[in-house]
Amino acid sequence: MAQNRIEGAGGRSYLAIPGPSVMPEAVLQAMHRAAPNIYGGELIEMMPGLVSGLRDVARTRGHVAIYIGNGHAAWEAALANVVAPGDAVLVPATGRFGHGWGDMAAGLGAEVQVIDFGKSAPWDLDRIAETLRGDGAHRIKAVLAVHVDTSSSVRNDVAGLRKVLDDLGHPALLMADCIASLGCDRFEMDAWGVDVMVTGCQKGLMVPPGMAFVFFNDRAAGVRAKMARVSRYWDWTPRAEPTEFWQYFDGTAPTHHLYGLRTALGMIADEGIEAIWARHERLARAIWAACEAWGAEGPLKLNVADPAHRSRAVTALRIGAPHGTALRAWVEGNLGLTLGIGLGMAPPDDPAWHGFFRLGHMGHVNGQMVLGMLGGIEAGLTALGLPHGKGGLEAAARVIAGGA
Ligand SMILES: *Cc1c(COP(=O)(O)O)cnc(C)c1O
């Protein structure tokens, strides 16, 4: 089995799941060092540069708090600063992650209202507007908005949601989960009027899992200031305006991750965020072109019908049970290519669960990797005798070549 092998006698493996993503060698090398001094020197001096690099990626002049944690930690951190027990929050859910963030708010004592848009459709802004209009007393304090839902690969219109809130004069905070989209899909925190944004380091930011980020604007800081209490560890205030180095992290710094992040942010700055969005766009279009060609005959289907509502970093596919699991097993065992499991599309104990899979194409990915992945999938479809339309690779190559 090629599982968990980065490089072996049989060649280099490829982990094409939607997070953790492929880690650049330069990031790993930057982390491979003796423990640095945390009381003086380089680590402390590099912090302002990291904060400014993070703001650039998020397109904000606002604040950022850094935590040792994963995306779930970022969810809880953001909520802990602005949502008190008994507060109402609205969750327009387009897959599993919206429900997950809502659950976490419920765990903190919030009253959670979910509008469920199913597993393949984006937000319907009119329906969200209707719900907000019904909240004349402005009890809803925040809207928990997942930009890209990694389970369904639905991409939502965050700027459109801001317009809905503004048009209604509704004061709810707009809180965005960009864990799967930051550094992949266009996202503009300030221009889109996002008050709070959460992300992790292990997807578009290309650093091993372990750091979480909460960005917030002055409006959100004002809401935080009115909270009766905020759990001490999650409080974003000292982290965003530290007077001592340890306050960035409320304790020991994630020393090696910071070195990895410095290198990753440098790579992002060198390529340019606009160019990075364009690269993800082109690679995603190549993947869709292949999948559409294969799907012309046989069971393979893209989960999201309209390209405008598809993530540029993850693609969810339906192929019917048990073919999703069979295909993943074949490409992993024979080619060293690991594809993502279907997430949240069916319960894990339901045989239908085996009918889904996902492709991760976030962060450190280029055309040869995507063409290799697609070639692997085509080989798997062929080996398993699964009917599929012809010309998938050709269609993808055309997009990569710039002709489509
Ligand atoms: C990955 C992901 C999460 C969860 O992040 P973890 O690091 O696994 O806790 C939450 N939301 C979205 C959109 C994600 O892609």
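We count ligands from 1, going down the list as the structure has it; atoms in each ligand are counted the same way. The basis for the numbers below is simple: all heavy atoms, side chains too, and nothing from hydrogens, waters or symmetry mates.
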*Look at E281 together with R279 and state whether they make a salt bridge at an N to O cut-off of under 4.0 Å.*
no
*When you look for heavy atoms under 4.0 Å from ligand 1, do you find them on the side chain of W75, its backbone, both, or neither?*
side chain
_Can you name the atoms of ligand 1, numbered from 1 with element, that are less than 4.0 Å from a heavy atom of T150?_
12 (C), 13 (C), 14 (C), 15 (O)
_For atom 11 (N) of ligand 1, what is the closest protein heavy atom, and at what distance to 0.1 Å?_
D177 OD2, 2.7 Å
*Give a yes or no on whether the ring-centroid distance for W75 and H72 is below 6.0 angstrom.*
yes
*asked:* My understanding is that only one of Y248, F213, W234, F249 makes a ring pair (Phe, Tyr, Trp, His ring centres under 6.0 Å) with Y67; could you say which?
replied: W234
*asked:* Aromatic contact between H63 and F215, with the criterion being ring centroids under 6.0 Å apart: yes or no?
replied: no
*Atoms in ligand 1 with a heavy atom of V148 nearer than 4.0 Å*: 13 (C)
_Under 3.5 Å: N/O of D149 near N/O of ligand 1_ = no
_Can you report which non-hydrogen protein atom sits closest to atom 9 (O) of ligand 1, along with the distance?_
H72 ND1, 2.5 Å
_Between D56 and R61, does any side-chain N to carboxylate O distance fall below 4.0 Å?_
yes
*asked:* Please list the nearest protein heavy atom to atom 14 (C) of ligand 1 with its residue and the distance rounded to 0.1 Å.
replied: K203 NZ, 3.0 Å
*Mind checking whether H170 and H138 have ring centres under 6.0 Å apart?*
yes
_I'd like to know if R59 and E274 make a salt bridge, using a cut-off of under 4.0 Å between side-chain N and carboxylate O._
yes
*Taking N or O atoms only and a 3.5 Å limit, does Q202 qualify as a polar contact for ligand 1?*
yes
*Would you mind listing which atoms of ligand 1 come within a distance below 4.0 Å of any non-hydrogen atom of G71?*
5 (O), 6 (P), 7 (O), 9 (O)
*Could you tell me the residue and atom name of the protein heavy atom closest to atom 3 (C) of ligand 1, and the distance to it rounded to 0.1 Å?*
F97 CE2, 3.4 Å
